[in-house]
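Below: one structure, written as structure tokens.
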Number of protein chains: 2
Amino acid sequence: MVKYDDELLDDVFHVLSDPTRREILKQLGVGEMTVMNLAKPFDMSLPAISKHLKVLEKAGLVSVRKEGTFRYYGLNPKTVDSAFEWLMELRNFWTTQLTSLEHFLDNQPKEK
Amino acid sequence: MVKYDDELLDDVFHVLSDPTRREILKQLGVGEMTVMNLAKPFDMSLPAISKHLKVLEKAGLVSVRKEGTFRYYGLNPKTVDSAFEWLMELRNFWTTQLTSLEHFLDNQPKEK
DNA sequence: CCTAAACTTAAACACATGGTTAAATATGAT
DNA sequence: ATCATATTTAACCATGTGTTTAAGTTTAGG
């Protein structure tokens, strides 16, 4: 199995475990957005969104560009790939294990 | 976009955000295991592992089978699929958005 | 019935999280 | 200089997390 950076995975999966952040990530797929505009769909204060964006940034999922008083947040799609690939490998590992004879024998039902 | 259960995604991604739980999930790919054996590789008390297993169970990623004083934990691979599929769709959504003209125009660099 | 083994539950703790409101900061416009 | 706008920082709060140790619980075996 490929080696993954545990801390990176911690951060990325933690980011993904919050619905607001998932929604923000989806939204950013459309293009760069200001904090104000990102906040609009949510029934939540601006500082709350600002905090979520910090979490996203710390995990390397987004980056910021300043322009006047605005801050344009944009995607960093590669970081999500690390989580995706980890998940893919996990599933892959499971599948190969599950088809092995050893596993088959170990998992014969012992009761029902 | 397909509709996903937010609470399920919250739980599954939260499970995945901890390295101990990721390791447990990987390990369970080999086959059912008792708590004792699952705990062995970790430098951590048994109750700590027990709690992680509760989290995994609550998220629907594993299930338990009792046999005497032992508890055999086994995988529930389908639940991980929901997170995997959500991630896949997100990437997919991004990709289609990123190739659209609209996005291209919105994202011309404004400074450098 | 007694004991050992395999867990779980309880209680406690330090720290993180997700939210709030109010105040500070930075920038552009008048 | 003043003001409004966009955003962050600070301070606070309730709740959740990951861990520990100590005390149950359940079950198998002498």
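The model shown is predicted, which means the values in this text are computed figures rather than measured ones. A note on names: the letters A, B, ... follow the listed sequences, proteins ahead of strands, and every chain is numbered from 1.
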For a quick test of reading the model: is some side-chain N or O of A/His52 closer than 4.0 Å to OP1 or OP2 of C/dG19?
yes

When the nearest nucleotide of DNA chain C is assigned to A/Pro47 and to A/Gly68 on a heavy-atom basis, which residue is associated with the more 5' position?
A/Pro47

Between P on C/dA6 and CD1 on B/Ile49, what's the gap in Å once rounded to a whole number?
16 Å

Would you mind telling me which residue lines up with the more 5' stretch of DNA chain C, A/Arg71 or B/Val35, judged by nearest nucleotide?
B/Val35

Regarding the side chain of B/Asp18, the nearest nucleotide among C/dC7, D/dG18, C/dT8 is D/dG18

Is a side-chain donor or acceptor of A/Thr79 paired with a backbone partner of A/Gly60 at a separation under 3.5 angstrom?
yes

Checking the side chain of B/Arg71 only, and the main-chain atoms of B/Thr34 only, is there a donor and an acceptor separated by less than 3.5 Å?
no

Is any side-chain nitrogen or oxygen of B/Ser50 closer than 4.0 Å to OP1 or OP2 of C/dT8?
yes

With the side chain of A/Thr34 defined as its heavy atoms from C-beta on, choose the nearest nucleotide among D/dT7, C/dT8, C/dG19.
D/dT7

Whole angstrom value for the distance that separates P of C/dC7 from NZ of B/Lys40:
10 Å

Taking B/Thr95 for its side chain and B/Arg91 for its backbone only, find out whether a donor-acceptor pair lies under 3.5 Å.
yes

Nearest-Å distance, CG (B/Asn37) to C1' (C/dA6)?
11 Å

Any salt bridge between B/Arg65 and B/Glu67, counting N to O under 4.0 Å?
yes

Should the pair B/Phe13 and A/Phe13 be assigned to parallel (<30°), tilted (30 to 60°) or perpendicular (>60°) ring geometry?
parallel

Closest of D/dG18, C/dA26, D/dT26 to the A/Lys66 side chain is C/dA26

Rounded distance (Å) that lies between atom P of C/dA26 and atom CZ of A/Phe70:
18 Å

Round to the nearest Å and state the distance from A/Met44 atom CE to C/dT21 atom C1'.
15 Å

What is the distance, rounded to the nearest whole Å, between atom CG of A/Asp10 and atom C1' of D/dT17?
13 Å

For the pair made of CG in A/Leu46 and C1' in D/dA10, what is the distance, rounded to whole Å?
16 Å

With sugar-phosphate meaning primed atoms plus P, OP1 and OP2, does B/Phe42 contact a base, only sugar-phosphate, or nothing at under 4.0 Å between heavy atoms?
nothing

Ignoring backbone atoms, test whether B/Ser45 places a side-chain nitrogen or oxygen under 4.0 Å from the OP1 or OP2 oxygen of D/dT20.
yes

In whole Å, what is the span from the NE2 atom of A/His14 to the C1' atom of D/dG18?
13 Å

Under 4.0 angstrom, heavy atoms only, what part of the nucleic acid is B/Lys51 near: base, sugar-phosphate, or nothing?
base

